[in-house]
Structure formats: C-alpha cells, structure tokens
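Report on the structure given below.
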Amino acid sequence: ELGWISKVHVNRPAVVRHAEQIQKWKTVKGNWQAAWLLKAVTCIDLTTLSGDDTPSNVQRLCFKAKHPIREDLLKALDMHDKGITVGAVCVYPARVSDAVNTLKAAGCDIPVASVAAGFPSGQTPLETKLAEIRLAVEYGAREIDIVISRSLVLTGQWEGLYEEIRLCRAACGEAHMKTILATGELGSLANVYKASMIAMMAGSDFIKTSTGKEVENATFPVGIVMMRAIKEYYWQTGYKVGFKPAGGIRTAKEAITWLMLVKEELGVEWLTPELFRLGASSLLGDIEQQIFYHVNGTYALQHELAMA
Amino acid sequence: MAALTALGSPPVPKIFATMEEGPIPGGTNLGETWLESHGRSLGHFVDGTWLKPPGRESLECQEASTGRPLAVVPAGDSSDVAVAVAAAAAAAAGWAGLGASQRGQRLSRLAAVLAGGRGVALGTLLALAGGRPLCRTLGPDLELGLRLLRAPAGGAQLGPPGLEAWTPLGVVAVVLGGSCSLPALLWKLGPLLAMGNTAVVLCPPAAAPPLLLLAELSGEGAALPPGVLNVLTGPPGLSRALRAHPALAAVTALGAPQEELPALLWGSPCRGPRLGLPRGGRTVAVVLDSADVDSAAAAIAASAAAPPPLLPAGGCVVLAQDSVLAALERRLRARLGGLRIGDPLDPKTEVGPLAPGTPSPEELVQEAREEGAQVFQAPLPEGGRRFYPPTLISGAAPTLRCLREPAPGPLLVLLPVRSPGEAVAVASALPRTAAAAVWAQDVTVALDTADRLPQGLVWLNALDLLDPSGGCTGGAADTDLDEALREFGCPPWEQPPKVDEPLSPPVTTDDPADPELAQAVAAARGAAPRWGRLPRGRREPGCCGRRRRLWGGDTDPGGQRRQRRERRQRREPAEGAAALGGARGARGGAVQGPCRWAGPAGEGGAGQKAGVRRVGVASEWAWPVPLQEVPGGRALVTRRPLGVLGVAWGWHRPLAPRLLLPALALGNCVALVAAGLPGGALTVLSGDSRGSGYHLARQQPDGLWICGGPADCDWASAVSVPRVWGVPVGILGGPGQEPPPGAERELELRCTRPHCLWLTGGGP
C-alpha cells in the first residue's frame with residue numbers, strides 16, 4: 001500500500017524540540033527507578049558484534065545474559081523469583097552456535113539473535129543475504145536482525161525495498177525478524193518514517209534504529225519518528241510491531257528515557273520484551289551499578305559485579 | 001531502602017508489573033522554606049522593607065492544587081496605598097537620576113539574582129500558588145522571564161535609539177488580576193523600571209507570595225534601591241483606590257479579569273494617567289494537508305496543558321484541513337489522554353490545577369455538548385476537585401461560546417476547514433486571538449498562509465516559542481521592546497503633568513449611534529484589506545495623485561485618468577461597491593458637507609507642500625526588516641498597518657497632513673470625523689467634535705487617535721479598541737516648523753503594529 005507513505009511529512013525541528021523536552025523533565029526515582037531499570041534489563045538484547053569475538057567472550061556474554069543482576073540484589077528487591085534475564089543475546093552468524101550451545105548448557109531459554117543480510121552495510125547481493133539468514137536460522141538463531149539496503153531508500157525504490165524485506169522475512173521462517181533501518185544513513189526523518197512503514201508492511205516483527213556502526217546511532221528524534229510510524233501502523237492494521245533502539249545507549253538514565261518515550265508515544269503495553277528491546281553492550285553494567293547503589297547506598301567496586 | 005519503604009512506596013515487583021512512574025521526592029521545597037522563614041505571615045513590601053500595618057484583616061493565600069493555606073497577607077486599604085505611592089514617589093527622583101545605563105546594570109543584577117538559586121524559590125512559589133507545573137515555571141518560563149528582563153536592561157544600558165530625550169513618567173501602578181506567569185510580569189516590570197519609573201504592584205492574595213518574594217529579591221545584590229518596586233496585597237476593590245491616587249502617572253493592568261476593569265477604566269486618553277489594558281488572547285493553530293500531523297498534535301496538546309506564558313488567556317482553536325482532520329483528531333485524543341495531570345510541584349506533571357480564581361470551563365463544555373458537539377475528556381485522577389481534564393471539542397458550531405470567548409483551562413476546539421484560504425478567514429473572524437501557528441511542510445503554502453493571518457505572532461511548525469531578542473516577544477503581547485519602553489516613557493513633545501479631570505459633559509453610551517459614521521467605518525473596513533496589502537510603493541500614487549483634489553477641492557482630470565489606469569493595472573475592483581459608501585457621499589459634498597483640508601490660517605501653502613512631501617516619504621518608508629536569530633530558528637519582524645484607524649479631531653486647527661498621511665501611506669484606512677481615496681481608504685466626516693471620540697470608539701476601529709480635548713472619550717467607551725492614543729499636540733511641531741526629532745518614528749509605531757513570523761529550524 002504505497003499510499004500510506006506518499007503523504008508522509010516530518011518536521012525535523014519540531015521533532016527535535018519534542019525530544020529535548022522529554023529528556024529534560026522526565027525521570028523516575030526510588031523503587032520506581034529500580035523497577036524501571038529491571039524492566040530495561042529484561043528488554044536488553046545483550047550484544048557483541050566485534051571482529052575479535054571468540055567462543056570465550058560469547059560464552060561469558062551468555063552467562064551474563066542469564067544472570068544480568070547479582071542474585072542478592074534481586075533478592076533485596078524481592079525480584080529473585082521473577083526470572084529476570086535479558087531479552088536476547090545478539091551475535092554475528094558465525095558465533096550463533098557458540099551462543100546457542102552455551103545457553104543450552106546453562107539450561108536457559110534466552111533466544112539468540114543473529115545479525116544477518118550483509119550486516120552492517122547491507123552491500124551484498126540479495127542471494128548472499130538470504131543464504132546468510134537461512135544459515136543463521138539453521139545454526140539455531142531464533143531472532144534475525146537484518147539490515148536494509150540504504151541505497152533503495154535513498155533512491156526512492158520503495159517497491160524494491162518492500163520486496164527485499166519480504167524475501168528476507170520468508171527466509172527467516174519461524175524466527176522473529178528485526179529490520180535495522182540504519183537511520184543515520186537514510187538522509188531525512190521522512191525517509192525514516194517511510195522506511196519504517198515499508199518494513200512493517202513487509203512483515204517485520206521489530207524495527208530497529210541502527211547497526212551501531214553508523215556515525216549517528218539511536219537518537220531520540222529518530223526513535224520518536226519510528227514510534228509514531230509504529231503507532232500509525234497499529235491504528236491502520238491492528239498489528240503491534242516492536243521497536244528496538246540500538247547503538248550508543250550506554251547509561252541507565254538513557255535507558256529510562258527510552259522507556260519513558262515508549263510509554264508516552266506507544267503506551268505502556270509496548271513495555272515488554274515482546275515489543276521493546278534495547279540493543280546494547282555496556283548498558284547492562286551501568287544498570288547493575290545503579291541497582292547496586294539503590295540497594296546498598298554505595299557504588300560497587302569493579303570486582304563486585306560480574307563482567308559481561 | 002528503609003526510608004523509601006517507610007514513605008509507603010509500593011514494592012518493586014508491583015511497579016515492575018504496572019510500570020507506574022511514581023512521584024519525584026522533591027527534596028527541600030525552597031518556596032515553602034521561604035514562607036516558613038516569614039512565619040507564613042507576610043505583609044506588604046514597601047520601601048525596601050516589610051510593611052505590616054496593625055489592625056488589618058488577614059487574607060489567605062492557598063495552594064492551588066489542594067486549597068491548603070500557604071500564608072496570610074494583610075488586606076490593604078487606601079492608607080496603605082498612600083504609603084506605597086509616597087514611597088515610590090520618593091524613590092522616583094533617585095532612580096531616574098541614576099541614568100539609563102546605571103538602571104540597566106541594576107536590572108541585570110536582578111536578573112543575575114534570579115538566575116541563581118533564588119529563581120528556583122520563585123518558580124516553586126509560582127507552581128505552589130498559581131498551579132502552573134514546575135516543569136514550566138522552573139524551565140522555559142524562568143529562562144524566558146530572564147531574557148525578557150535582560151532585554152530592556154541591555155537596551156537601557158546601550159541607550160535605546162530614539163528614546164534619548166524621553167523622560168520617566170513617575171510612579172506607575174501595575175494591577176494584577178490573578179496569578180500571572182513570570183515572563184508576563186517581568187515583561188511589564190523590565191521596561192517600566194528601565195525607563196526610570198518606580199512601580200507599585202497591587203496583587204490579589206492568591207498571587208501574592210511570588211510577587212512579594214520578587215520584591216524582596218529586588219533589594220538583594222544591590223539590584224534595586226528601596227522604594228523602586230513596591231508590592232501591595234489587597235482585596236479586589238483596592239484597585240479603585242490605587243487608580244484614584246493623584247500621584248500616579250500611569251496604571252497598567254496585567255491579566256485583570258473583566259470584573260476588575262471597571263474600577264480602572266475611567267479618565268480618558270487625553271487627560272489623566274496613562275492606562276495600559278491587558279492584552280493577549282488565544283492561540284489559533286492551522287494544520288494544513290502537508291503538515292507533520294504527529295508533531296502538530298504533540299505541540300498542540302502541550303500548549304493545551306500549559307499555555308505559552310505571555311498568552312495567559314489560554315485556550316487554543318485548531319483549524320485542520322479536511323484531509324488531515326481525522327488523523328489529527330485521533331492523535332490529539334491520544335496525546336490529551338496521555339497528559340500527566342497532578343501536583344504541579346512534581347516535575348513530571350504536565351497539567352496543573354486551574355489557577356486560583358479562574359472559573360471552570362465546564363459551562364462552555366456543557367453548552368457545546370448540548371449543541372451536539374463531540375467532547376473528549378481525558379480521565380481525571382481522583383480527588384482532583386481543582387483540576388479540569390484536558391478537553392477536546394470537535395464539531396462545534398461557530399456560535400458556541402467556546403469559540404467566541406477565550407476559555408481558561410486545558411481546552412481545545414477543533415474545527416474543519418476546506419482550504420488554507422478558509423483557514424485564514426476563520427482565524428481572522430475569531431475574537432481575542434493573539435498568536436497563530438501554521439503547520440505545513442509545503443513552504444509556499446505555509447508562508448502564504450502565515451502572511452495572511454492577522455495575529456501579531458505567527459509560528460511556522462511550532463507553537464510556543466517566545467523571545468525578546470531584536471525587540472519582538474512576538475506580538476504575543478502585541479508589542480515589541482521598542483513599544484514596551486515607549487509605553488512607560490514621556491516623549492519631549494508631551495507635557496508630562498496630566499490632570500485627572502472628569503470629562504464634561506460626558507457623552508453616554510445611550511446616545512444614539514451616528515449612522516453616517518457607522519457607514520464610513522464600515523466602508524473603511526471593507527477597503528482595509530486591499531489598501532493595507534498594497535505594496536508600499538503602490539500607495540504613493542494613490543495618495544499623491546489626488547493631492548490637488550484633497551487639498552483644494554479642484555479636479556485634476558489627468559490625475560484621475562492616471563488613477564484609473566493604475567487601478568486597472570492592479571486589477572482592483574473599481575471603486576464602487578459598499579466600500580465607498582462614505583467616500584462617495586463626501587465627494588458629492590452633499591451629505592457630509594465640505595471637506596476642509598486646507599485651512600484658513602497657518603498651514604497654507606508651505607504646510608501643504610510639506611505635507612505632500614511627507615506622503616511621498618511615508619509611502620516609501622521601509623523599515624530595515626529585522627531578521628533575528630532566536631532559539632529554535634529565526635524570527636522575521638515586520639510592521640503591519642492597524643487596519644481601520646479612527647481619528648477624532650478636536651483641535652482648533654486645520655487637519656494636519658503631517659499626522660494623517662503617514663497613517664494612510666502606511667496602509668491604514670482612516671475614518672475621520674471631518675474625500676476620497678481609492679476604495680474608501682480615507683473617509684472624512686465633518687461634525688461636532690464634541691463626542692466624536694465616543695461615536696468613533698463605538699464603531700470599534702482597530703485603532704483610535706484622539707486629537708484634542710473636545711474630541712475626547714473615556715476609557716470605558718474605548719475598551720474594545722486595541723490601540724488608543726491621546727495624540728499630544730506637540731508631536732506636530734509648530735506651524736510651518738519641522739516636527740520634533742523622534743516624532744516620525746513615534747508616528748510610524750503608532751500607525752502600525754508588530755508582526756512576527758517565526759521560522760523554525762536552522763537556528764543556533
């Protein structure tokens with residue numbers, strides 16, 4: 001339905017101002033802060049996407065994914081029996097089997113997400129992309145984070161984009177598909193809105209801001225625009241599509257602002273791991289620190305918290 | 001942890017399930033601390049110290065959200081007024097004698113005091129007593145207030161151009177109608193003090209604590225000398241006693257409710273102290289089909305939650321083009337439903353309680369419901385007796401009260417329009433609007449629509465940006481910095497002492513209206529849009545081509561032919577139609593009598609020539625258009641003609657082209673109680689000058705000039721005219737002389753009103 005994106009207008013200054021206002025005055029304190037931070041933990045896609053990833057650090061990441069917050073801290077908050085784990089573990093396709101095996105050995109059911117489709121640039125032939133997706137699924141990934149071809153957006157080939165994402169969706173099979181829009185490279189907020197719409201129409205379960213490898217990562221204005229597209233899509237079709245900001249989210253405060261923003265733009269029903277994820281690697285450490293402070297009144301020393 | 005549990009905060013698992021946001025423990029409340037330090041018993045603040053006269057009744061100020069008593073203030077009476085005015089008068093000479101530069105420095109110090117921690121106490125008190133959410137009073141309001149204070153302070157230090165020879169008025173009274181925002185207050189006090197006046201502020205108990213704190217702070221850091229800023233608290237009736245005090249040079253009302261106004265409205269523009277009436281009004285948001293509907297809805301909902309600080313009348317009318325109406329309505333409902341209503345002291349709160357003393361808009365909403373409009377109301381938290389839910393009225397008939405009068409509280413009225421042109425027509429017909437916003441991504445349509453809107457302040461793709469830089473706080477208060485300073489200064493051509501004497505014999509409003517005048521004003525109103533929107537250079541032939549006939553009554557066939565040709569070129573409708581009603585009669589000379597442009601004495605030949613030359617100059621007047629860098633973009637400040645200008649001529653001298661032609665050349669249509677320019681631009685009726693001001697005021701022109709005592713009318717009659725000026729005779733200069741320096745600029749400003757267009761994006 002190309003009509004949906006033909007009349008899209010986004011005013012950047014207005015969106016930027018809206019984002020600034022939200023950041024300034026919205027925060028939570030006390031027990032509320034602790035609860036919100038734990039919610040953020042359950043929504044984290046704990047990620048490692050480096051050239052030097054090996055089974056050993058992926059393994060460590062998986063253990064951290066299973067025990068994101070120290071058990072005694074959870075106990076102090078009366079949350080030890082709520083099964084607090086991160087939302088997923090996110091790795092390159094070549095590391096999927098390492099992660100799957102580790103998690104299976106640890107006896108937990110955290111899904112493994114794999115980036116695919118020529119991550120991060122998307123500049124590979126479609127056949128390669130589809131093959132990569134199929135392999136990742138075969139290795140045991142239950143979630144696939146695909147990247148779109150930015151060139152299709154920048155040259156306005158919306159039908160081509162739709163077709164590409166649809167084929168990827170088919171290749172994913174049972175696995176959840178998150179579509180990375182790489183918003184830092186789309187040129188305008190209107191393009192972000194349109195690409196979000198196309199991605200949702202083509203069957204994405206999530207839309208995700210960035211790969212983390214662009215110059216501009218998950219910013220609040222971009223997030224606002226994508227969430228508005230999600231809301232519009234929900235109003236038009238009744239389908240709830242998930243949202244995943246990723247890249248550059250490092251502090252607990254930022255995580256809470258993202259949660260606030262989601263609650264304000266989409267509603268509280270989006271604040272679940274099924275509809276909201278935070279792609280991050282170092283964020284979890286800061287959240288654990290803040291929870292440590294909330295419980296103990298002091299910040300933890302380096303050796304007191306397990307590394308990811 | 002233990003402390004939190006003791007506070008009764010719910011356990012983490014429960015919050016985890018519901019994702020409630022919870023309150024923000026505010027630490028020490030600086031406002032309450034200040035009230036405690038005074039034992040919650042305040043007084044008047046006069047001559048740099050607290051004045052607590054014995055034997056006065058105590059008035060209670062309450063917390064806006066709960067009604068809890070905050071403090072008591074004395075109920076002032078006329079003896080307190082006398083003490084305060086005497087203190088202000090005693091301080092006046094010293095303050096004026098400091099010189100503009102020193103005064104500017106002192107005001108900058110006051111701004112510095114407020115920028116420190118003391119501004120936080122002030123913001124907290126404004127939230128506590130006024131109900132405006134803390135995220136506003138401590139955030140944008142404080143920031144804007146400081147900029148509005150620093151602008152006149154800076155202007156005074158640099159010496160505002162054109163005001164060098166101006167002198168202070170003396171003691172100026174500021175009457176508050178209710179709680180008012182910090183920017184609105186400082187935008188009055190800043191220019192007032194910068195021009196060298198001293199102030200007596202009278203405020204009702206509900207608004208007293210922040211004002212008293214401001215007065216106390218004004219003495220800190222060697223900012224203002226004692227007696228320069230005095231604050232009186234008192235019952236509503238006290239404004240009459242203040243207004244009657246003979247030592248006052250000006251009285252200005254700030255957000256005074258309608259019932260307070262009669263106490264202030266007496267005397268006249270030519271006699272008695274100057275009177276500044278409350279300005280401001282509603283906002284109109286025009287959402288066109290190329291708009292970013294999501295951003296528009298977010299901004300409109302935010303402005304419904306807390307109106308822009310200089311537009312206290314509040315309320316917003318949304319005009320949406322049919323193609324985006326449904327999308328906008330759905331988003332507005334979602335946004336209004338998500339607004340956080342509650343304690344204004346919680347930084348997350350977006351909608352506070354109704355300000356104390358504001359009537360609930362329930363009646364208007366009920367009327368709309370009965371007339372078949374759809375009313376959407378956000379849910380209200382429990383126990384919110386003093387709150388009103390954010391409300392959206394759609395499908396409202398144009399006759400409803402919610403459209404005809406500004407409604408307090410978080411109220412939106414959504415109307416469909418078919419085209420940008422219709423949006424302009426509807427926005428122009430709404431009474432009491434001060435600002436407008438145009439939402440459209442199509443830049444041509446957006447600029448064209450914005451340009452045609454009559455409101456003094458028009459935002460493009462934004463809704464609440466205000467800034468004093470370059471002298472336009474937008475037309476939010478319908479003034480720019482230059483005008484704000486002039487309001488509190490006495491020009492060299494005006495005689496400072498004015499005698500407050502009753503008008504005799506007063507013309508009552510029961511007198512029959514003048515049908516000829518009504519016709520003339522109607523003709524001028526019909527002609528105003530065309531004449532006012534002609535490019536500046538085009539008006540010159542319009543004025544000058546007829547000079548001979550205007551002057552001597554003889555005809556100039558060549559000139560007329562040229563006129564006709566020019567008009568054809570402009571594709572103007574021929575001067576016929578209703579617009580010419582008065583003018584045609586005047587040309588015939590049968591109805592209104594002879595026109596007397598050239599007088600018998602004094603301004604004979606030389607005066608005529610000078611006048612004609614002025615027309616040429618005036619119609620070529622082109623202001624350097626200030627394009628200001630402002631937060632969030634750029635602001636384009638121009639001046640627009642007033643529209644229909646009524647001039648009541650009472651001077652015993654011939655009509656002065658020096659006075660009237662600039663008004664015409666700058667695009668106004670003038671109805672004068674004493675012709676024929678194209679399309680009824682100038683209508684001159686002769687007549688008895690006595691009472692002419694009353695008759696003109698009754699026709700509600702866009703501006704009214706009273707020239708000379710016999711034509712005077714009282715303030716109460718002119719209350720509906722936005723700009724009233726008792727023209728000082730000195731502005732014309734003597735017969736045969738050039739006008740005094742600065743007079744032309746003053747005329748320029750008096751003939752026009754500021755128009756500010758905010759272009760968002762790309763700014764610093």
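Note on naming: letters A, B, ... go to the chains in the order of the sequence lines (proteins, then strands), and numbering restarts at 1 for each one.
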For residues 332-344 of chain B, give me every residue with a non-hydrogen atom less than 4.5 Å from any non-hydrogen atom of chain A.
Ala334(B), Arg335(B), Arg340(B)
Can you tell which of Pro11(B), Ala298(B), Ala299(B), Cys135(B) has the highest number of heavy-atom pairs within less than 4.5 Å of chain A?
Cys135(B)
Heavy atoms only, distances under 4.5 angstrom: which of Ser290(B), Pro140(B), Ala17(B) has the most pairs with chain A? Name it, please.
Ser290(B)
Should [X] and [Y] count as side-chain neighbours, where that means a heavy-atom distance under 4.5 Å?
X: Lys7(A); Y: Ser323(B); result: yes
X: Arg17(A); Y: Leu465(B); result: yes
X: Trp32(A); Y: Val12(B); result: no
X: Phe16(B); Y: Lys39(A); result: yes
X: Lys231(A); Y: Arg331(B); result: no
X: Asp292(B); Y: Val15(A); result: yes

Stepwise side chain to side chain contact (heavy atoms under 4.5 Å, CB included) test for Met260(A) and Lys348(B):
CA-CA 11 Å; Met260(A) 288 277 213; Lys348(B) 278 201 309 291; 3.9 Å; yes
Going by side chain to side chain contact (heavy atoms under 4.5 Å, CB included), Pro13(B) matches just one of Asp78(A), Asn31(A), Leu77(A), Asp81(A). Which one?
Asp78(A)
Please look at Ala462(B) and chain A and tell me whether the side chain, the backbone, both or neither of the residue comes under 4.5 angstrom of a heavy atom of that chain.
both
From His9(A) NE2 over to Asn461(B) CG, what is the distance, rounded to the nearest 0.5 angstrom?
11.0 Å
Could you tell me which residues in residues 263-272 of chain A have at least one non-hydrogen atom under 4.5 Å from a non-hydrogen atom of chain B, sorted by residue number?
Lys263(A), Glu264(A), Glu265(A), Val268(A), Leu271(A)
What residue, out of Val16(A), Val10(A), Asn11(A), Val28(A), has the most heavy-atom pairs lying under 4.5 Å from chain B?
Asn11(A)
Neighbour count >12 (heavy atoms, 6.0 Å) for atom CZ, Phe376(B)
yes
N-O pairing of Glu232(A) and Arg330(B) below 4.0 Å
no
Checking Ile84(A) against chain B: side chain, backbone, both or neither under 4.5 Å from a heavy atom?
side chain
Which atoms form the tightest heavy-atom contact between Trp36(A) and Glu20(B), and what is the distance?
NE1-O, 2.7 Å
